[in-house]
Amino acid sequence: MPELPEVETTRRGVEPHLTGATVTDVVVREGRLRWPVPPALAATLSGLPVLAVRRRAKYLLLEFASGTLLVHLGMSGSLRLVAADTPPQKHDHIDLILDGRTALRYRDPRRFGAMLWHVGPVEFHPLLAELGPEPLGDAFDADTLYRASRGRTTSIKQLLMDNHVVVGVGNIYANESLFEAGIRPGRAARRLTHADCERLAVAIKSILARAIEAGGSTLRDFVGASGQPGYFQQTYAVYGRAEEPCHTCGSLIRQIRQGQRSSYYCPHCQPW
DNA sequence: CTTTGCACCTGTTGGC
DNA sequence: TGCCAACAGGTGCAAA
């Protein structure tokens, strides 16, 4: 699930319940995530109030006075708020107990996610230090995309998914943005004109912003035990629509493989 | 430095 | 119905 809009939706959902609350315990039922969850996490966090919940790329950052808890949802992770005595279900690996009553519950069937503790300025954490600009920030625009694409033989779609160039653009939104910009995913990055980069940067910002808005408007169930957290069924222009007609021109959407991942495009609306 | 492919893990889907 | 292969939205890392 988690692409950037879901991560940001999650942040907005949990932030009001976390900020100002004090961690009273941490229960780790399964600590084998992408990296081992620090065994001393309960001792580290107990008694500390959450100062803020921020996001960098797809990392959620829970800030405390003495350090930062980095949380990544990987491919299948989710966070929700439940009463602390709610029985955990399968794959509910970690609870942050807040004020002894509420649990911030981390679920991740595939365990590709992460929960790491960092002391010191979090922007210097090795996982964050080399990241490119936020897609919705002013530091990412047509110029940065144009410069980043010069001399690059890789495809524009793979360049978009390179975290050094821009963060938070995963497989779905790389495909959707390229459709909106009218550019084929397989085109060499170095062949993009400045005008292409302009349309693409605008498309990325617009699509991500719209998806976050949609997530916010259907935001629910971060508090409580019912159903999945407040994600949303998004309708896509090309992603997952192989052999289906393009909503714009009726041509059949094509699917190709790029770097072991599926890409989708409309042969008419994305001429090259 | 860039590019490519693998690895981590479980669950779902589709074909036979 | 059962079995098996292929695939799934992330991303760090090693190797070429």
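Throughout, protein chains are lettered first and strands after them, A, B, ... in sequence-line order, and every chain is numbered starting at 1.
Both A:Ile204 and A:Val165 belong to a common hydrophobic cluster when Ile, Leu, Val, Met, Phe, Trp and Tyr are linked at side-chain heavy-atom distances under 4.5 angstrom. Under the 4.5 Å side-chain heavy-atom criterion for grouping Ile, Leu, Val, Met, Phe, Trp and Tyr, A:Ile207 is connected to A:Ile156 within one hydrophobic cluster.
Side-chain proximity of A:Tyr59 to C:dG10, C:dA8, C:dG12: nearest is C:dG12. With C:dG12, C:dG10, C:dG9 as the candidates, the nucleotide lying closest to the side chain of A:Trp35 is C:dG12.
No side-chain donor from either of A:Tyr173 and A:Asn175 sits under 3.5 Å from a side-chain acceptor of the other.
Applying the salt bridge (charged side-chain N to carboxylate O under 4.0 Å, His left out) rule to A:Asp92 yields the partners A:Arg107; only residues at least two apart in sequence or on another chain are considered.
Between the CD1 atom of A:Ile172 and the P atom of C:dG10 there is a distance of 7 Å, given to the nearest Å. The distance between atom CZ of A:Arg107 and atom C1' of B:dG11, rounded to the nearest whole Å, is 13 Å. Put simply, CG on A:Leu159 is 14 Å from C1' on B:dC1, counting in whole angstrom units. For the pair A:Asn163 CG and C:dG10 P, the interatomic distance rounds to 10 Å; values are reported in whole Å. The CD-P distance, from A:Gln258 to C:dG9, rounds to 13 Å in whole Å. In this structure, CD of A:Gln260 is placed 11 Å from P of C:dC7, rounded to the nearest angstrom. The distance from atom CD of A:Gln158 to atom P of B:dT4 is 6 Å, rounded to the nearest whole Å. Taking atom CG on A:Leu160 and atom P on B:dT3, their separation rounds to 13 Å, with Å as the unit.
Contacts with DNA chain B (heavy atom under 4.0 Å) in residues 108-133 of chain A: A:Pro109, A:Arg110, A:Arg111, A:Phe112, listed by number.
A:Arg32 CZ: 12 or fewer foreign heavy atoms inside a 6.0 Å radius. Other residues, nucleotides and ligands contribute more than 12 heavy atoms inside 6.0 Å of the NE2 atom of A:His194.
Distances shown here put every side-chain N or O of A:His72 at or beyond 4.0 Å from the OP1 or OP2 atom of C:dG10. Residue A:Ser76 places no side-chain N or O under 4.0 Å from the OP1 or OP2 atom of C:dG9. Under 4.0 angstrom from either OP1 or OP2 of B:dG11 there lies at least one side-chain N or O belonging to A:Lys90. Taking 4.0 angstrom as the limit, A:Tyr173 places none of its side-chain polar atoms (N or O) nearer than this to OP1 or OP2 of C:dG9. In this model, the phosphate group of B:dT2 is not approached by any side-chain N or O of A:Thr153 to a distance below 4.0 Å at OP1 or OP2.
The separation of B:dG11 from C:dG12, taken at their P atoms, amounts to 24 Å, rounded to a whole angstrom. The separation of B:dG14 from C:dG9, taken at their P atoms, amounts to 15 Å, rounded to a whole angstrom. Separation of the P atoms belonging to B:dC9 and C:dC3 is 24 Å when rounded to the nearest angstrom.
Across all strands shown, C:dA16 forms a Watson-Crick or G-U wobble pair, both distances under 3.5 Å, with B:dT2.
Counting non-hydrogen atoms under 4.0 angstrom, A:Gly170 reaches the backbone sugars and phosphates but no base. Base contact: A:Arg261 has a heavy atom under 4.0 Å from a base atom.
If A:Arg34 and A:His91 are placed on DNA chain B by their nearest nucleotide, the residue sitting closer to the 5' end is A:Arg34.
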Q.
Could you go through A:Asp196 and A:Arg187, starting from their C-alpha distance and side-chain angles, then the distance that decides it, and tell me whether this counts as salt bridge (charged side-chain N to carboxylate O under 4.0 Å, His left out)?
A. CA-CA 11 Å; A:Asp196 290 327; A:Arg187 181 151 156 215; 2.6 Å; yes

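At a threshold of 4.0 Å, the pair A:Arg11-A:Glu8 counts as salt-bridged, since one of the basic side-chain nitrogens sits closer than that to a carboxylate oxygen.
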